[in-house]
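Throughout, protein chains are lettered first and strands after them, A, B, ... in sequence-line order, and every chain is numbered starting at 1. It should be emphasised that the depicted structure is a prediction, and the values quoted were computed from it without experimental measurement.
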There are 2 protein chains.
Amino acid sequence: MLCSLMDGRARTSTELSVIAEVSPSTASVHLTRLKEQELVKVLAQGKHRYYSLDDDRVAATLESLMVLAGTRSKPFVPNTPTHLRWARTCYDHMAGEVAVALHDRILKNKWVSQKKRHDGAYELTEVGTRALAAHGIEMDTTNFTRRRIACACLDWSERRPHLGGALGAALLRSALQHKWFLKDLDSRVLRVTKRGEREFLGRLGLQVGA
Amino acid sequence: MLCSLMDGRARTSTELSVIAEVSPSTASVHLTRLKEQELVKVLAQGKHRYYSLDDDRVAATLESLMVLAGTRSKPFVPNTPTHLRWARTCYDHMAGEVAVALHDRILKNKWVSQKKRHDGAYELTEVGTRALAAHGIEMDTTNFTRRRIACACLDWSERRPHLGGALGAALLRSALQHKWFLKDLDSRVLRVTKRGEREFLGRLGLQVGA
DNA sequence: AGGTCACTTCGTCTACCATCAAACAATGGA
DNA sequence: TCCATTGTTTGATGGTAGACGAAGTGACCT
C-alpha cells in the first residue's frame, strides 16, 4: 500500500485493498493503524476517503527501503475517459492534468501558502495578489467572507490536488471570459484555444501534453 | 539490534542478545536472517563473531526510520580497562583508540585501498608507499610473499577496525624504533612520548584525547 | 586430552496478528 | 424516502513468526 502511494497520489481504501490483494475490511484496519502512526493521512471528500503519505519524511524512508529491497511498483493508471482527463470542470473550478499542473505552479510561485498542516486551506500572498492582477485574473471580492479563498481539492483522475475555493472559481471564470478555454456543449470537458495556449499556458510555463 | 549497530561499531551475538533482551539462540537465528538479507555482515575473529551493518545504505535507511520513530539508542560503552583503551599492542601491531584513528586516517589518505567487498584485505597504493617512506616507516620486505600486506583487524575495545598485517606490524616496529611509543613493562599498554606526539600524532593529524 | 567459552542448530510450543464475513455507518442520487 | 455505493467496526479464527532449552560445533587455553 505504502509503496503504491509513493508516487505522491492519493488512493481510496478499496483501491488499496485491491493493490494489496486483501479484503476491504483488512485494508481499512491496516490503514487506520498507519494513520495512528502518522504514516498516512486521510482526506474525506464526498463519500470517498483518500489516503496518501503523511509526510516527505515517510516518502524518503520508503524510498531508501525500496532501494534496499530492490522493488519497484507499477505506475498508477487512471481509469478516467481520456477526453475528461486533460481538462474539465469540477463544480465551479478546473480539474484534470492542467488544473493539477496549475496548482503546483501556483504553489511553487508562492502565490498562495499553506495555513496549517493536514488542512487543505490556502491563503493568498502579496506576490499572488499582484501576479493575478498582472495576468488579468479578477477575484470576486463580494463573497470573500463566506467562502474559503483557496483550498486543495483532490483531483479524481490525477489523484493529486488542484485548486478549489474562491480562487479556483475566479481562475475558471477568467479563463472562460478571456476565451483561454472553451466549454464543450453538454459535457464537463474543457478545450484550450490558441489564445489560451499563448496567454495562459505559455505565460504560466505549463507544458502539459494535450 | 540494528539500531545499536548504527554507531558503526561491531558487536557479538551475545552482546546483541543482551541489548535486544532475548536469549542468545533467538539472537543467533535473527542475525542469520539479517545476514541472509544482507542487512548485516559477520567477521569471525578468534572465537568471537562480530556483527556490523552491511552497508552505508542500510545505515541510511535505519537513520530515516529512527527519525520517523523518534527513537534514539544509548551510545556504546566499552568495558575495557581505561589504561588499555587508548593504545596497546594486538599481537604484533597497535590497537586502541589511536590505532583506530590511524586506520581511518590511512584509509582516508588512500595509502591503502580495499580489494574486495566483505574481505578485510587492503593493498598498498603508490601514494601510500611514498608517504610511508617520507614518514620514516620501513616495511619488512623479506616476508611479503607469506603474509597479507595489510588488513582490517577488529579492535576489541573500540569495535571498529584498526590496521593489521605486514603494514600494521611495520608501523608498530617503526614506532618503537623511533621511540614514538614506549612499551609498558609486563603489559600490552603503549604510552606516547613527547617525540611521538610531534613526529607521529602531529604529522598524521591525529587528535586523540590521551 | 580435557575443559571452558562463544555461538549456532534443532525441535517444539505458544501468543499474537492479520484476515475475513457480517453488521454498521455515511453519503449521494433517484 | 429508499436504495446503491463506499467505507469502517467488530468478533471469531487460523497460521505463522518468533521465542526458548537442549544439544551440537568449533576455537582457545592449560
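Of the possible polar contacts, none joining the B:Thr89 side chain to the B:Asp92 backbone as a donor-acceptor pair under 3.5 Å is found. Using a distance-only test at 3.5 Å, with no hydrogens or angles considered, no donor-acceptor pair links the side chain of B:Asn109 to the main chain of B:Trp111.
Rounding to the nearest 0.5 Å gives a distance of 6.0 Å between OG1 of B:Thr12 and CZ of B:Arg159. Rounding to the nearest 0.5 Å places CG of A:Leu53 at 8.5 Å from OG of A:Ser4. From A:Phe200, atom CZ reaches atom NE2 of A:His178 across 11.0 Å, with rounding to the nearest 0.5 Å.
If you take CH2 of A:Trp156 and C1' of D:dT5, they are 12 Å apart, rounded to a whole angstrom. The nearest whole Å value for the distance from the CD atom in B:Glu21 to the P atom in D:dG18 is 17 Å.
Residue A:Val22 has its side chain nearest to C:dC20 when only D:dA19, D:dT8, C:dC20 are considered.
For the OP1/OP2 pair of D:dT8 and a distance below 4.0 Å, the side-chain nitrogens and oxygens of A:Ser13 include at least one atom meeting the criterion. Close to D:dT6, at under 4.0 Å from its OP1 or OP2, lies no side-chain N or O of A:Tyr51.
For the side-chain hydrogen bond (donor to acceptor under 3.5 Å, both in side chains) criterion with B:Ser157, the lone passing option out of B:Arg88, B:Glu97, B:Arg85 is B:Arg88.
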Dot-bracket for DNA chain D, 5' to 3', counting Watson-Crick or G-U wobble pairs under 3.5 Å, with [ ] for crossing pairs and | for inter-strand pairs? ||||||||||||||||||||||||||||||
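The stretch residues 26-34 of chain A comes close to DNA chain C through A:Thr26, A:Arg33, each having a heavy atom under 4.0 Å from the strand. Within residues 42-49 of chain B, the residues having any heavy atom closer than 4.0 Å to DNA chain D are, in order of number, B:Gly46.
Shown here are the side-chain hydrogen bond (donor to acceptor under 3.5 Å, both in side chains) partners of A:His93, two or more places apart in sequence or in another chain: A:His162. Qualifying side-chain hydrogen bond (donor to acceptor under 3.5 Å, both in side chains) partners for B:Arg105, counting only residues two or more places apart in sequence or in other chains: none.
Remark: A:Glu197 CD is packed, more than 12 non-hydrogen atoms of other residues, nucleotides or ligands lying under 6.0 Å away. In A:Lys179, the NZ atom is not crowded: 12 or fewer heavy atoms of neighbouring residues, nucleotides or ligands sit closer than 6.0 Å.
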All N/O donor-acceptor pairs, side-chain side in residues 20-31 of chain B, below 3.5 Å, sequence neighbours left out:
from    : atom 1 : to      : atom 2 : distance (Å)
B:Ser23 : OG     : B:Ser25 : OG     : 3.1
B:Ser23 : OG     : B:Thr26 : N      : 3.3
B:Ser23 : OG     : B:Thr26 : OG1    : 2.8

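A donor-acceptor contact under 3.5 Å is formed by the side chain of A:Ser25 with the base of C:dA21.
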